[in-house]
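I have placed the structure first, in the form of structure tokens, so that the comments after it can refer back to it.
In this text, all values refer to a predicted model and were calculated from it rather than measured experimentally. Every chain is numbered from 1 and lettered A, B, ... according to where its sequence line falls, protein lines coming before strand lines. Both backbone and side-chain heavy atoms feed into the values below; hydrogens, waters and symmetry mates do not.
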Amino acid sequence: MASDRMTTPREGVTRRAVVGGLSALGAAAVVGTLAIPREAAAQALGMQESVEAAMKRVFGGRPIKDGSALIKLDIPLIAENGAVVPVSVEVNSPMTAVNYVKHVYVVADKNRIPIVTRVAFTPQAGQAYMGANIRLGETGDVRAIVEQSDGTLLQTKREVKVTVGGCGG
Amino acid sequence: MSDIGKVRIRVPSSIKTGDVVKVRALVIHPMERIERDAQGKIIDRKYNFIDKVTVTYLGKPVLSFDTTQSISENPFFSFAFKATDPGTLKIVFSDTSGGKYEGTADIKFS
């Protein structure tokens, strides 16, 4: 009897604790599901990863053809200051409603955040051209990857020598 | 920095109807890069950088940039669009702190 009396209250406490714990978990789960996708969306493109992981994540192992005949990647061979490197990409391809350049990606292989930018074009642009100032952490390849509206991937790359890195920490 | 969000847009001085026009746009923004402590661990906080640039012409989207911290401070972007009618070219930069910075240019034909 004595042991029964000992266990019953303990059980009650335990159950309450369990129930309370569960509801707290439930609340955490709800908050979590609300918060995580937002955070993930903000981090979707620029994640700290190796370039292989980035390419696999973004392109999912699709074959990438050599597009050096079509893509003009303009970037200095030697960048004295890695904090500001002008890059421009021009794709020699028609921009019609049925066949156009959908995306242009700029990827810096050695950066901690390899995907620099993704540009989404509409046929309204008339020409697939983009330019930006980018940061380069150290000497390495810079690639321009073009995704056409039918899903074909083309890339061209060029090595850039960086005298002073521009990505800090 | 009170200068954050100043947008400057440069369009060619003479445009003809149907031309593909190259435009340069600049915004003043720190584009904070990831900081690390003495042990090399990433300091976990919300970094303020521009992650979206959208360009619209006559109210229709032309192109958009999704950008990361690999873009320089005070970023400069250039792009092309087809000038078909006189109207407004509008560029909106949005950053991770929720700020939106707008710039417009009037497209006129000479």
- Query: Which atoms of Val85(A) come close to chain B, meaning under 4.5 Å heavy atom to heavy atom: side chain ones, backbone ones, both, or neither?
  - Reply: backbone

- Task: Select one option (side chain, backbone, both, neither) describing which atoms of Val62(B) are under 4.5 Å from chain A's heavy atoms.
- Result: both

- Query: So which of Lys22(B), Lys52(B), Lys82(B) has the biggest tally of heavy-atom pairs under 4.5 Å with chain A?
  - Reply: Lys22(B)

- For the atom pair OG1 (Thr122(A)) and CG (Leu63(B)), what is the distance rounded to the nearest 0.5 Å? 7.0 Å

- Note on the structure: Residues Ser72(B) and Val84(A): closest non-hydrogen pair is OG-CA, 3.5 Å

- Message: If you count every heavy atom of other residues, nucleotides or ligands that lies below 6.0 Å from Arg8(B) atom CZ, does the total exceed 12?
- Response: no

- Item | Hydrophobic cluster membership, Val91(A) vs Val98(A), 4.5 Å side-chain cutoff | no

- Ile9(B)-Phe109(B) co-clustered via ILVMFWY side chain contacts under 4.5 Å: yes

- Message: So, taking the atom named CD1 in Ile115(A) and the one named CG in Asp66(B), what distance separates them when rounded to the nearest 0.5 Å?
- Response: 11.0 Å

- Using a cut-off of 6.0 Å, state whether more than 12 heavy atoms not belonging to Asp85(B) lie near its atom CG. yes

- Task: Could you pull out the closest heavy-atom pair between Val116(A) and Thr68(B), with the gap in Å?
- Result: O-OG1, 3.0 Å

- Heavy-atom closest pair (Gln124(A) atom, Pro61(B) atom, distance to 0.1 Å) is CB-O, 3.9 Å

- Establish whether Ile75(A) and Val106(A) are linked, either directly or via other cluster members, by ILVMFWY side-chain heavy-atom contacts under 4.5 Å. yes

- Task: Would you mind telling me which of Tyr57(B), Phe76(B), Phe77(B), Phe81(B) has the largest number of heavy-atom pairs within less than 4.5 Å of chain A?
- Result: Phe76(B)

- Message: What's the separation between atom OG in Ser64(B) and atom CZ in Arg118(A), rounded to the nearest 0.5 Å?
- Response: 7.5 Å

- Item | Co-membership, hydrophobic cluster, residues Val21(B) and Val101(A), 4.5 Å side-chain | yes

- Message: Can you confirm whether Ile78(A) is buried at CD1, in the sense that more than 12 heavy atoms of other residues, nucleotides or ligands lie under 6.0 Å from that atom?
- Response: no

- Message: Could you check whether any side-chain N or O of Thr117(A) sits under 3.5 Å from a backbone N or O of Phe65(B), counting only pairs where one atom can act as donor and the other as acceptor?
- Response: no

- Enclosure of Glu159(A) CD (heavy-atom neighbours >12, cutoff 6.0 Å): yes

- Task: Determine the minimum heavy-atom distance between Gln69(B) and Arg135(A), stating which atoms define it.
- Result: O-NH1, 2.9 Å

- Are Tyr129(A) and Val11(B) grouped together when hydrophobic residues (ILVMFWY) are joined by side-chain heavy atoms under 4.5 angstrom apart? no

- Task: Name the member of Ala120(A), Ala132(A), Ser88(A), Ala128(A) that forms the most heavy-atom pairs with chain B at distances under 4.5 Å.
- Result: Ala120(A)

